[in-house]
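All remarks here apply to the structure that follows.
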There are 2 protein chains.
Amino acid sequence: MRIEIPREFDRLGAVRIYGLQKIYELDAGPGPEAPGSDDAIVRSLPADALYGVQREMAIVVPVRSERLKLIEGVLVGIPNSCLVIVVSNSPREPIDRFFLEQESIANFCRFTHKQVVIVHQKDPAIGAAFAAGGYPELLDDTGCVRNGKAEGMMIGTVLARMMGRRYVGFVDSDNYFPGAVNEYVREYAAGFLINGGAHTLVRISWHSKPKIVEQSLYFAKWGRSSRHCNHALNRLLSHHTGFETEIVKTGNAGEHALTLDLAMSIRYATGYAVEPFHYIDLLEQYGGVFPTEHGDMRHLIRICQIESRNPHFHENKGEDHIADMIRGSLSTVYHSRLCPPSLQQEIDAELRQSGLLKEGETLQPVHTYPSLERLDLAKFTAIAQEVVERRVGAPGSPA
Amino acid sequence: MRIEIPREFDRLGAVRIYGLQKIYELDAGPGPEAPGSDDAIVRSLPADALYGVQREMAIVVPVRSERLKLIEGVLVGIPNSCLVIVVSNSPREPIDRFFLEQESIANFCRFTHKQVVIVHQKDPAIGAAFAAGGYPELLDDTGCVRNGKAEGMMIGTVLARMMGRRYVGFVDSDNYFPGAVNEYVREYAAGFLINGGAHTLVRISWHSKPKIVEQSLYFAKWGRSSRHCNHALNRLLSHHTGFETEIVKTGNAGEHALTLDLAMSIRYATGYAVEPFHYIDLLEQYGGVFPTEHGDMRHLIRICQIESRNPHFHENKGEDHIADMIRGSLSTVYHSRLCPPSLQQEIDAELRQSGLLKEGETLQPVHTYPSLERLDLAKFTAIAQEVVERRVGAPGSPA
């Protein structure tokens with residue numbers, strides 16, 4: 001992989017947000033180049049180094065009633081070096097879709113020797129493990145993990161930690177292009193290679209998203225939701241740095257990866273707010289704006305933004321989805337302790353103007369979960385281990 | 001890359017056509033797996049082995065007035081290990097599009113240290129080189145190479161031979177997905193790795209081709225043209241083997257690669273017939289049906305067909321394009337010395353029924369070029385070397 005060095009960064013306290021990095025080659029070759037052939041602008045990351053990172057990486061794939069063909073395509077795209085953790089919240093009645101997923105993935109793993117762990121979000125053992133670990137916030141009245149993609153991502157994160165991985169990345173299960181999935185994972189590895197450090201967040205900005213416009217395809221660069229979300233985050237940042245900026249391009253990047261140290265220390269929002277809330281939480285904790293209640297400021301938090309080369313081509317989720325995304329992501333900014341009244345007014349006006357907030361409605365705060373640091377991993381593991389041992393695809397295990 | 005072993009093959013004389021092979025993983029990891037983990041059904045091809053093949057491979061990209069963004073995307077997808085040969089037939093007036101292409105590619109190579117040779121199909125030096133090499137068939141009245149994609153591919157093939165490569169592969173310049181281009185090139189390498197030998201042809205069957213149907217996307221498996229072309233080739237094969245078959249799935253596969261020994265020995269058809277004519281020519285020369293005038297039957301000709309995993313997403317060329325493709329590909333079968341009268345009647349009826357052949361029209365034979373074996377490579381090189389030395393992107397060369 002050949003990737004541009006970031007041209008700039010914006011800093012707030014211990015948080016550095018790097019400018020978008022462009023990809024020049026998906027595959028720059030196997031090993032180091034001749035000395036001097038690398039230059040200061042673009043770096044070649046040899047395949048061997050990327051494999052090294054991938055071996056320490058878990059890729060979490062949240063699934064909910066996705067078509068099996070799509071899930072298989074996503075697995076085809078994830079490099080074999082990574083551990084895959086599928087967290088399914090598919091219904092088990094009237095048809096047991098989770099069973100079908102397990103069977104299909106087990107069959108796939110039989111041919112590929114891929115390491116895949118598949119768990120159900122509502123598995124009582126997973127719920128019991130969170131309870132035993134002292135993290136009941138994630139559970140509903142029945143003792144199972146709550147519904148939601150963010151909650152599934154949190155399960156995946158803790159399992160990745162339990163299984164000793166250093167990095168965790170997320171890939172959606174509704175992607176039509178295995179080649180794009182493959183690119184995202186390579187870019188996660190590239191981000192960690194370039195930035196090093198224990199507290200790095202890598203976020204992907206899609207090159208484009210093909211849309212059907214008047215019977216032909218149009219390669220849109222920014223979705224409506226991204227535009228709103230990035231603008232609000234940039235305005236927030238500008239307010240505190242005193243310099244207007246457009247640095248944030250990945251406010252609601254579903255494709256992102258974190259070092260596990262970072263993933264275990266941040267707070268999580270539910271629903272569509274999960275991704276933009278990463279920015280908010282890091283700025284609140286490490287921005288140095290609230291000196292008495294911040295995180296460990298000796299950490300250097302790096303947010304690395306990479307522009308993928310493949311268009312992003314996923315299932316169409318419809319207009320409601322977009323409206324919810326916009327409200328969810330703007331709510332994280334609006335209700336942040338960092339948000340000045342002027343920006344709150346601006347967000348409010350914008351939502352009303354575009355009809356996303358009706359007369360008499362107010363923007364609801366999003367629900368958040370505390371950091372996973374408070375989870376006792378040993379106690380969690382004592383129970384969850386059994387679920388993981390039912391995993392499919394490990395070499396030699398009966399599928 | 002992890003790939004299925006072919007389940008079957010059909011043979012005619014020295015030609016073996018292998019059944020379609022499925023891809024299980026785009027990236028199976030860097031090196032050999034633990035012994036015993038590979039099984040008889042699916043083979044893991046380590047990245048190192050694929051790089052080894054790619055270093056001996058040239059990828060030819062025929063270009064004609066393509067948008068620069070698309071060309072750049074294709075270059076992003078081609079692995080750095082390969083030599084790239086861009087053969088452009090873009091107009092030089094009123095805007096010198098070839099100049100823009102050169103400039104844009106030179107700029108790209110400055111960042112990537114990619115080895116790219118770019119030539120213009122109408123470069124008088126290229127024409128003169130073919131004349132000097134004793135291959136005037138390719139030239140028009142002005143002494144330049146004729147128009148046509150097949151002719152551009154032949155230039156690319158000879159340049160690849162001149163530059164000492166062992167394999168040559170073709171990639172279209174209008175592909176929207178760098179990830180798909182990357183996959184094709186890896187699959188070419190996989191095909192050569194699996195089959196070895198000096199006379200191997202690797203052809204890609206697209207996983208699917210997204211189409212806009214009633215404002216949403218439909219992932220079509222077979223285009224109309226592929227269906228007609230594969231059916232005719234299978235009927236031809238069945239006639240001679242005595243067994244009905246559906247083995248041919250890649251009759252007009254634009255994505256294909258050949259060993260240079262094979263590429264230099266076959267005949268070429270013009271226009272849309274170039275790809276299906278590979279089958280026809282190989283069956284005519286090596287099928288053993290015409291014992292007195294065949295090629296060297298000690299050669300074992302292997303045709304390897306691989307099903308790519310990414311959908312194929314290219315510029316829409318319109319209905320005329322499809323009609324021409326169908327006529328061109330069926331003409332290669334119809335006018336083959338191998339084609340029995342019954343199949344000729346069938347093809348004729350099919351074309352008339354679907355309106356592709358009007359009352360009074362007959363299916364015209366396609367123009368073909370003799371094998372490039374008769375080209376004196378030393379004499380060709382003496383002139384063409386100068387064109388290649390103007391190449392862009394070679395490390396250290398002024399771009």
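Throughout, protein chains are lettered first and strands after them, A, B, ... in sequence-line order, and every chain is numbered starting at 1.
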A:Arg186 CZ to B:Leu26 CG distance, which is reported to the nearest 0.5 Å:
10.0 Å
Quick one: list whatever passes side chain to side chain contact (heavy atoms under 4.5 Å, CB included) with B:Ser65, sequence neighbours left out.
B:Ser90, B:Pro91, B:Arg97
Is it the backbone or the side chain of B:Phe177 that comes under 4.5 Å from a heavy atom of chain A, or both, or neither?
both
Side chains of B:Asp48 and A:Asp48: does their closest heavy-atom pair fall under 4.5 Å?
yes
Segment of B:Lys69 engaging chain A (4.5 angstrom heavy-atom cut-off):
neither
Within this structure, what is the CD1-CD distance for the pair B:Ile78 and A:Glu25, rounded to the nearest 0.5 Å?
9.5 Å
Does the side chain of A:Tyr176 pick up a donor-acceptor pair with the side chain of B:Asn310 at under 3.5 Å?
no
Heaviest contributor of heavy-atom pairs below 4.5 Å to chain B, chosen from A:Gly179, A:Ser81, A:Pro30, is A:Pro30
How long is the span from the CZ atom in B:Arg110 to the CD1 atom in A:Ile41, to the nearest 0.5 Å?
9.5 Å
Between A:Gly29, A:Pro311, A:Gly73, A:Pro79, which residue shows the highest count of heavy-atom pairs closer than 4.5 Å to chain B?
A:Pro311
If you tally heavy-atom pairs under 4.5 Å between each of B:Glu72, B:Arg55, B:Glu4 and chain A, the highest tally belongs to B:Glu72
For the student: nearest non-hydrogen atoms of B:Ile23 and A:Val76, plus distance
O-CG2, 4.4 Å
How about A:His113 and B:Arg2: do any of their side-chain heavy atoms sit closer than 4.5 Å?
yes
State the CG-CG distance between A:Asp27 and B:Asp27, to the nearest 0.5 angstrom.
9.0 Å
For A:Ala58, the side chain to side chain contact (heavy atoms under 4.5 Å, CB included) test, sequence neighbours excluded, returns A:Leu83, A:Ile85, A:Ala160, A:Arg165
